[in-house]
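Only one structure is covered here, and it is reproduced in the block below.
In listed order, ligands and their atoms are each counted from 1. Residue indices begin at 1 and follow the sequence shown.
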Amino acid sequence: MRNLGQLSLGWPALLCICTVFSSLFTPAVAVKENDFKKCHQSGFCKRNRAYADTAVAQGSSWVAPYKIPFELASFKDGQFQATVLKTIDDQGTTAELPIIISFLKSGTARVTVDEQVRKEKSIDLRHNSGARKERYNEAEKWAIVGGLAVDTNAKVSHEGKTGMKIQYGPDFTFEADIRFEPYSIEFKRGGESQIKLNDRGLMNLEHWRPKVEKPAPEKKEGEEGEEEQKDEENKEDTVAVNPSEDESTWWEETFGGNTDSKPRGPESVALDVTFFGYEHVYGIPEHSGPLSLKETRGGDGAHTEPYRLYNSDVFEYVLDSPMTLYGAIPFMQAQRKDSTVGVFWLNAAETWIDITKAKESKNPLSLGIGAKTNTHTHWISESGLMDVFVFLGPTPKHVTKSYGELTGTTAMPQEFSIGYHQCRWNYVSDDDVKEVDRKMDRYKIPYDVIWLDIEYTDDKKYFSWDYDMFKDPMAMGQHLDEHGRKLVVIIDPHIKNVGGYSVSDELKSKGLAVKNKDGKDFDGWCWPGSSMWVDCFNPAATKWWSSLFNYDKFKGTMENTWLWNDMNEPSVFNGPEVTMPKDNLHHDNWEHRDVHNINGMTFHNATFEALMSRKKGELRRPFVLTRSFYAGSQRLGAMWTGDNQASWEHLGAAVPMILNQGISGFPFAGADVGGFFGNPEQELQVRWYQAGSFYPFFRGHAHIDARRREPFMLAEPYRSIATAALRLRYTLLPSWYTAFYQANQDGSPVIRPMYWTHPSEEAGFAVDDQFFLGSTGILVKPVVEQDKNTQEIYIPDDEVYYDYFTYNKLSTTKGKNLTAEAPLENIPILMRGGHIFPRRDIPRRSAQLMKFDDYTLVVALDKHGRAEGELYIDDGDSFDYEKGQYIHRTFKLNGSTLASTDAEGRGAKSVKEGDWLKRMHNVAVDKVIIVGAPASWSKKKEVQVEAGGKKSTVKLEYFKADGSRAAFAILGRVGASIGADWTVDFS
Ligand SMILES: *[C@@H]1O[C@H](CO)[C@@H](O)[C@H](O)[C@H]1NC(C)=O
Ligand SMILES: *[C@@H]1O[C@H](CO)[C@@H](O)[C@H](O)[C@H]1NC(C)=O
């Protein structure tokens, strides 16, 4: 910002920058919704909504123009192939749309529709555009990493002139009923309808057509430049193929002073998807609002706009809105009692999704009794292929697992990265950083990472330092390393466009920047002023980008320096909707329009890859935080929910958003603790620390104008309460790490909403303010309202629940709320009976310093006196776990025996032990705390432990039930190695 005076801005740019800045400097001002399009301002959305209105208004007389001639349909080796013919005029002319339906081994079905003339590139582009002629077909290349093997056992069960039925999936219980005319595909499981594509006939693939000009007699020579304007004014200049169609948005569109040249004209893809009997749908992040998505066509409590996916820099976003935010995952799950299904709409262009719900008293397609609610969805994208994956469940776990097989699962995190991160815009100097570090120690507040926002650079030139303020970055890094701490620095995709800056010079000379529609380097405005954008769709750009991070190239960085990628939507201050023009060109001449929602992921990917090669032979897991994301970004690091505000409402909005990330395959998520804009009062800040200590990604952050608010700045008793929340996070790190491991294995969310853990309990389907931590049975409902002293917690089952801190056995009823005490110093946390979870109870400064600490196991017994749990540990840093260098235990208390066994049944010497595993021999189980311990143990003073063939006696302390407090026992010190088999005999 201090650079502003030096910039020579054109006035439109200046105006725009001023707008941005004035909002930044006025914390109370909310996002200007008018800066972002509503559906009616986005031509293809408006056209498709109008199309839907026409279809719905015509009801049963609506004739959709799509059909499959049966003689063009065939099925072979797990794939159905045909051509959908679209009737495009009154003469019966058709456009050919090749369709492939693949039945995958995972039980997922994929429906892909292309356009023949575009496949063949036999179209003409307007304005001499250099853009590609095909429909964008590389979203798969970025998003999909596996799970595409075709199930060659899938078989035709019925074939005729009207359609074909394919049986597939587990025991052939799945069926796709493909109808030829009108075209539709209905998916069934166990004979019951689940999902139908084109159920309402809203499919619309806008075929390519030349722009037909009527001779315009009034046009004189030399008026070329005004042609576009005239088209807007005189719509009759253009001959409509179908007079009922509104062509006004086909050829050019202007928004906020920017005109999109649209060289291919209209090309949207849209499809309706019905979920039969499903009242709840979740997913399609990123939006703020409830987990169970709202209807979008008006009515009581409903939105009036569709949910939008068009990655945007929306600072100070409004809450409970379908408006787009920074990232996009076009994956939706539908939930009804005992059944979960889903769809993944693989498209990277601007996308809108309408949702409506309709009661059906008599639905001939679904079995069962009573009125059912069907959820109707309408997916609308601006360009690209129509490419839909259909998941038939039947459980949330099946759906997230199948989705994870396709797009990949959460990368195993750096262990430090699940600790606490301390950030602000900005720590102003290396002395400032060291001082914050010392103060955290002075107040015994654990943390792992301190962050530097954009001001550390020299004039916003990334890969450089402002040496006036950061005199010795290496000494700062070494200072942090003394306590195992790390530094994260920001690097954004905009590169200052200025001569003599080597990064900028190389970007230009190597031709690796995003191009404008004329093929010249695109120049726009961002933090550094005039900037260019590295085009990470280009493998050569990624390779070059990687080279910039080498320790000897990016001076001042070292082994404990990690990365933050911001503004990668990309944010362009003077661009349309604060991003790039859609007719910009990327690598291979794909238009920005086609790839927009993937853009952020390619940059995140490039930085991830860069960290993999900072130094030859250094093989460590990268940590990179991203703001923008797409399906697949979970493979690359963490995300946060962007520029929120220091308000109770924003605190409340965070948990549903983070839960939504988790069920959408990207669970390493968090919200800025304290709120980015504004100054939280102390109570709000403390409540935010309590909530944040249960975000998978836990970072305090603040705007440059916000007052300093590191946790040590709080007055007592707030400081101690916040510190207790931070310490709680650190004691539970082994449980968090195990939950991340599970996410890595099968795509499970790290924090899990009620519908996900209890898919039979309808009362929990809309509950989105409480969650379980992994499989630990720890149920948390952070307080997000002011002046609260109690908290209502929904109880999803008949199991016994204990208070985490007091061991009180709570009197609960399935499906009802429990009222928990929640004065400021309390985080409402319950332990569900039947679980065992690991902790590390010695408070330390950082996660790294806890690496070889002993463990405490907490056992919460269920109604039958049983419990089970899991622990996964590895070195938390390298990829050696891929070579068996990890410990994975199952703990089971069954009757009178508590046993630790290898979770995978591996023998003792199954791998050659590396240094880390060897050191872990000396890491032991210290205490075991058994909550709900049976009265029969009350006389016991000791128990027998058997470990490694040796027997020993271990002291047992028994505490009788006292009022509502459950009986509990403390066993210790056990002393058995955490990685070894051992048993405790309580008989
Ligand atoms: C990053 O992108 C490249 C190129 O598409 C790909 O080969 C690589 O697997 C990606 N990295 C990750 C971690 O997904
Ligand atoms: C439980 O409490 C929540 C408020 O947190 C409330 O919305 C809900 O209606 C309550 N449920 C029951 C069954 O009382």
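Ring-centre distance between Phe549 and Phe463: below the 6.0 Å cut-off. In summary, the aromatic rings of Trp562 and Trp451 are positioned with their centroids too far apart to meet the 6.0 Å limit.
In terms of protein heavy-atom proximity, atom 13 (C) of ligand 2 is closest to Gly815 O, 4.0 Å. The protein non-hydrogen atom at the shortest distance from atom 14 (O) of ligand 1 is Arg635 NE, 3.2 Å. Here the protein heavy atom with the shortest distance to atom 5 (O) of ligand 1 is Trp142 CZ3, 3.6 Å. For atom 9 (O) of ligand 1, the nearest non-hydrogen atom of the protein is Glu609 OE2, 4.3 Å.
Looking at every heavy atom in both residues, Leu291 comes nearest to Leu659 through CD1-C, 4.2 Å.
Between Tyr310 and His596, the ring planes are parallel. Angles under 30° get that label, and only those over 60° would be called perpendicular. Using cut-offs of 30° and 60° for the angle between ring planes, the Phe697 and Phe668 rings count as perpendicular. Aromatic ring orientation, Phe694 versus Trp736: tilted (interplanar angle from 30° to 60°).
Distance check on atom 7 (O) of ligand 1: every protein heavy atom falls at or beyond the 4.0 Å cut-off. There is a protein heavy atom less than 4.0 angstrom from atom 11 (N) of ligand 2.
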I would like to know whether Glu591 and Lys582 meet salt bridge (charged side-chain N to carboxylate O under 4.0 Å, His left out); could you show each step before the answer? CA-CA 7 Å; Glu591 269 196 298; Lys582 284 178 168 169; over 6 Å; no
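When Asn817, Leu818, Ile795 are ranked by how near their heavy atoms come to atom 1 (C) of ligand 2, first place goes to Asn817. Selection from Val145, Asn605, Thr407 by nearest heavy atom to atom 2 (O) of ligand 1 gives Asn605.
Contact annotation: for Lys781 versus ligand 2, heavy atoms closer than 4.0 Å belong to the side chain alone.
Under a 4.0 Å criterion applied to the non-hydrogen atoms of Leu636, ligand 1 contributes the atoms 12 (C), 13 (C), 14 (O).
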